[in-house]
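Note sheet for the following structure.
When reading the values below, keep in mind they use all heavy atoms of this one structure, side chains included, and skip hydrogens, waters and symmetry mates.
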Amino acid sequence: MASLETNYLATVSSSHRKAYGQFFTHPAIAKFMVSWVTEGGTTTLHDPAFGLGAFSDVLTGTPDVSFTGSEVDPKILGFWENATPNSPAKVDGEDYLLSWGRSHRGIVCNPPYMRFQKFLNRDVVFREFQSRINCRLPGYINTASAFLMKSLAELETPGRLAYIMPLEFLNTGYGVAVKERLADGRHLFAIIRLDCEREAFPDATTSAGIILYDSAKTFPDVKLYVADSIAQLHSLLSRSPKATVPYDNLQPTAKWLPHFDENPVSVGGGLTIPLSHYGHFSRGIATGANGFFVLRPSEAKALGLSRAELTSVITRSAQIQAPFFTDADHDSLASRDERTLLFDVAGSPSDEASRYIRFGEQQGFDRRFLTRTRTPWYKTESRQPAPLLLGVFSRGGYKIVRNTSHALNLTCFHGFQPNLAGQRYLDHIFLYLSSDTGREIVSLSMRKYGDSLDKFEPNDLNGALVPTLGVFDAIPAKHLESALRHTRETGRIPNYVDSWFAGLKDQ
């Protein structure tokens, strides 16, 4: 017999699910979360993102616990009501983030996950948080974290809360506000990292974990658990945690994910400074419509576009396979007719460019999310070629490139623009970021997603720790040149480079 979830998936498009951030809760995870919350003594549970009722299903045949919910998507709510007409759960069709005035003894939730760009009613939600609970939400917060913030504000004392959600906020700038709220009062009991995210959320590409919070108790520390499989959950809390972190060591401004590591890196004091001392990383050009802006040389020729209205560009991470990238390398890509040109009109467009712009408007490219906010819509972001490129996503280690070409980069790379100090130390920074020691330290700033996928945001990199000028100055110039030459010739840095930075980590 097909499950409720299977039947629902057959009735809706993936775009509809994506629009509402719908990822469904595994029954065993729902049972674990409901059991923990009800063990606190509550007889009422509320689910702010009801969906198909995974948490209420756990309570089937348990009349002494009442269940309520909120659900913003009328389609999924109607489907659930038709499929379960005798369910005792009472669910309101409402946007939880805009529904205020209630409190709850028990809260269980798998909140919708949407990045800030797709945040429904974002501006209205932000105003409500400010006026209702005097909370200014960070601009880049996602929906899941906003749900958690509101639920923490609505949790009664005594009361328990269990949330399953992406754990990226533990390492992000917007997550500082969330961590401040979680740490306030020392009521956070445990964080469980699910290293079985493919089992828990087969369609998701983000990390996942469970937050356990008890408003009636204070704890000297936070327990960190790791579940390698969903089957482990039922006995996980009876085992020794992966780590036990005193609250005094959980600063909201610090990254919390490294606390899960077996041997967390400790960086030596006085020998490192933030990378922002040397310049800054920024994201690559976001065109909003690569299908219009990014061209092959053959396409540009067929359109009759002049070279003055085209800019050399790196469009995919895979276009760079070596640690150095030159104009000759870019010419080689162009000779293979790869997408290496960016439509980039600085002034009045030529007749040929005007025809192409009209074609873009006929195809609706001017009405895309990003293009419709630009004047004119076909004007791309202004950038300078970045001498250092760092891959946004990675598995098994990030890609760092010393770029000497005149090509700009799209969002597949973040680009580093040095200040006066950074210009002098560009090669030093490149070798440091390429070294095992540098990778270990800088990776403390990355965001962990599902399926071993890692991601950097520009601000993560700008706050990453790198050597001081004194450490760099101690490297003899001839050794620096030798290491760069070896890297060009072999495609990898020599092993001895790590010895230059060995003192940065506490032994």
Nearest-0.5 Å distance that lies between atom [atom1] in [X] and atom [atom2] in [Y]:
{"X": "I133", "Y": "K150", "atom1": "CD1", "atom2": "NZ", "result": "8.5 Å"}
{"X": "L194", "Y": "L236", "atom1": "CG", "atom2": "CG", "result": "9.0 Å"}
{"X": "H259", "Y": "I191", "atom1": "NE2", "atom2": "CD1", "result": "9.5 Å"}
{"X": "S87", "Y": "E81", "atom1": "OG", "atom2": "CD", "result": "10.0 Å"}
{"X": "F413", "Y": "L388", "atom1": "CZ", "atom2": "CG", "result": "11.5 Å"}
{"X": "I141", "Y": "L148", "atom1": "CD1", "atom2": "CG", "result": "8.5 Å"}

Would you say that [X] contacts [Y] through its side chain, given a criterion of any heavy-atom pair below 4.5 Å between the two side chains?
{"X": "L224", "Y": "P241", "result": "no"}
{"X": "L461", "Y": "L390", "result": "yes"}
{"X": "R316", "Y": "Q319", "result": "yes"}
{"X": "L342", "Y": "I285", "result": "yes"}
{"X": "R339", "Y": "N290", "result": "no"}
{"X": "L410", "Y": "V294", "result": "yes"}
{"X": "I29", "Y": "I164", "result": "yes"}
{"X": "L45", "Y": "V34", "result": "yes"}

Under 3.5 Å, is there a donor-acceptor pair linking the side chains of [X] and [Y]?
{"X": "S238", "Y": "S235", "result": "no"}
{"X": "S151", "Y": "Y96", "result": "yes"}
{"X": "S35", "Y": "H234", "result": "no"}
{"X": "E154", "Y": "S103", "result": "no"}

Which donor-acceptor pairs under 3.5 Å do side chains of residues 274-282 form with protein atoms, sequence neighbours excluded?
from: Y278; atom 1: OH; to: P467; atom 2: O; distance (Å): 2.8
from: Y278; atom 1: OH; to: L469; atom 2: N; distance (Å): 3.2

I need the minimum non-hydrogen distance between [X] and [Y], along with the two atoms involved.
{"X": "L167", "Y": "I192", "result": "CD1-O, 4.2 Å"}
{"X": "F147", "Y": "A49", "result": "CE2-CB, 4.0 Å"}
{"X": "E381", "Y": "G284", "result": "OE1-O, 4.1 Å"}
{"X": "F126", "Y": "G139", "result": "CE2-CA, 4.0 Å"}
{"X": "R439", "Y": "L433", "result": "CG-O, 3.4 Å"}
{"X": "F169", "Y": "S145", "result": "CB-OG, 3.8 Å"}

*Name all residues meeting the salt bridge (Lys or Arg N to Asp or Glu O under 4.0 Å) criterion together with R368; count only those two or more places apart in sequence or in a different chain, and write none if there are none.*
none

*Could you tell me which residues satisfy salt bridge (Lys or Arg N to Asp or Glu O under 4.0 Å) with D436, sequence neighbours excluded, listed by chain and number?*
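With sequence neighbours excluded, D436 shows a salt bridge (Lys or Arg N to Asp or Glu O under 4.0 Å) to no residue whatsoever.
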
[X]: partners by side chain to side chain contact (heavy atoms under 4.5 Å, CB included), with sequence neighbours left out:
{"X": "S56", "value": "F50, F67, A89"}
{"X": "E180", "value": "V176, P252"}
{"X": "V12", "value": "Y8, H16, R17, K75"}

Check whether any side-chain N or O of [X] sits under 3.5 Å from a backbone N or O of [Y] as a donor-acceptor pair, and report yes or no.
{"X": "H187", "Y": "D184", "result": "no"}
{"X": "R160", "Y": "W36", "result": "yes"}
{"X": "T373", "Y": "L370", "result": "yes"}
{"X": "R186", "Y": "D221", "result": "no"}
{"X": "R374", "Y": "K379", "result": "yes"}
{"X": "N121", "Y": "V125", "result": "no"}
{"X": "Q22", "Y": "K18", "result": "no"}
{"X": "K179", "Y": "A254", "result": "yes"}
{"X": "K399", "Y": "I320", "result": "yes"}
{"X": "T25", "Y": "N110", "result": "no"}

*What do the steps show when you test R132 against F129 for side chain to side chain contact (heavy atoms under 4.5 Å, CB included), and what is the final call?*
CA-CA 5 Å; R132 299 281 186 168; F129 269 74; over 6 Å; no

*Dump the intermediate steps for side chain to side chain contact (heavy atoms under 4.5 Å, CB included) on N7 and L4, then the final yes or no.*
CA-CA 5 Å; N7 289 335; L4 191 64; 5.6 Å; no

*Going by the angle between their ring planes, with limits at 30° and 60°, are H104 and H46 parallel, tilted or perpendicular?*
parallel

Give a yes or no on whether the ring-centroid distance for [X] and [Y] is below 6.0 angstrom.
{"X": "F501", "Y": "Y432", "value": "yes"}
{"X": "Y174", "Y": "Y140", "value": "no"}
{"X": "F456", "Y": "Y398", "value": "yes"}

*So which of L233, L59, D57, V58 actually passes side chain to side chain contact (heavy atoms under 4.5 Å, CB included) with K31?*
V58

*Give the intermediate values and the outcome of side chain to side chain contact (heavy atoms under 4.5 Å, CB included) for residues F24 and L52.*
CA-CA 8 Å; F24 300 106; L52 293 175; 3.7 Å; yes

_Audit row: R122, E128, salt bridge (charged side-chain N to carboxylate O under 4.0 Å, His left out) steps and yes/no_ = CA-CA 10 Å; R122 182 170 177 267; E128 286 291 297; over 6 Å; no

*Does the pair D92/K90 count as a salt bridge with the N-to-O cut at 4.0 Å?*
no

_Applying side chain to side chain donor-acceptor pair (under 3.5 Å) to S435 and T437, what does each step give before you reach the verdict?_
CA-CA 5 Å; S435 70; T437 299; 5.0 Å; no

*Report the C-alpha distance between F365 and W377 in whole Å, list the side-chain angles of each, state the deciding distance to 0.1 Å, and finish with yes or no for side chain to side chain contact (heavy atoms under 4.5 Å, CB included).*
CA-CA 9 Å; F365 288 118; W377 70 269; 4.0 Å; yes

_CA sep, side-chain torsions, deciding dist, call: D195, R193, salt bridge (charged side-chain N to carboxylate O under 4.0 Å, His left out)_ = CA-CA 6 Å; D195 280 2; R193 191 182 75 195; 2.9 Å; yes

*Look at atom CZ of R136 and say whether more than 12 heavy atoms of other residues, nucleotides or ligands are closer to it than 6.0 Å.*
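For R136, atom CZ is not crowded (no more than 12 foreign heavy atoms under 6.0 Å).
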
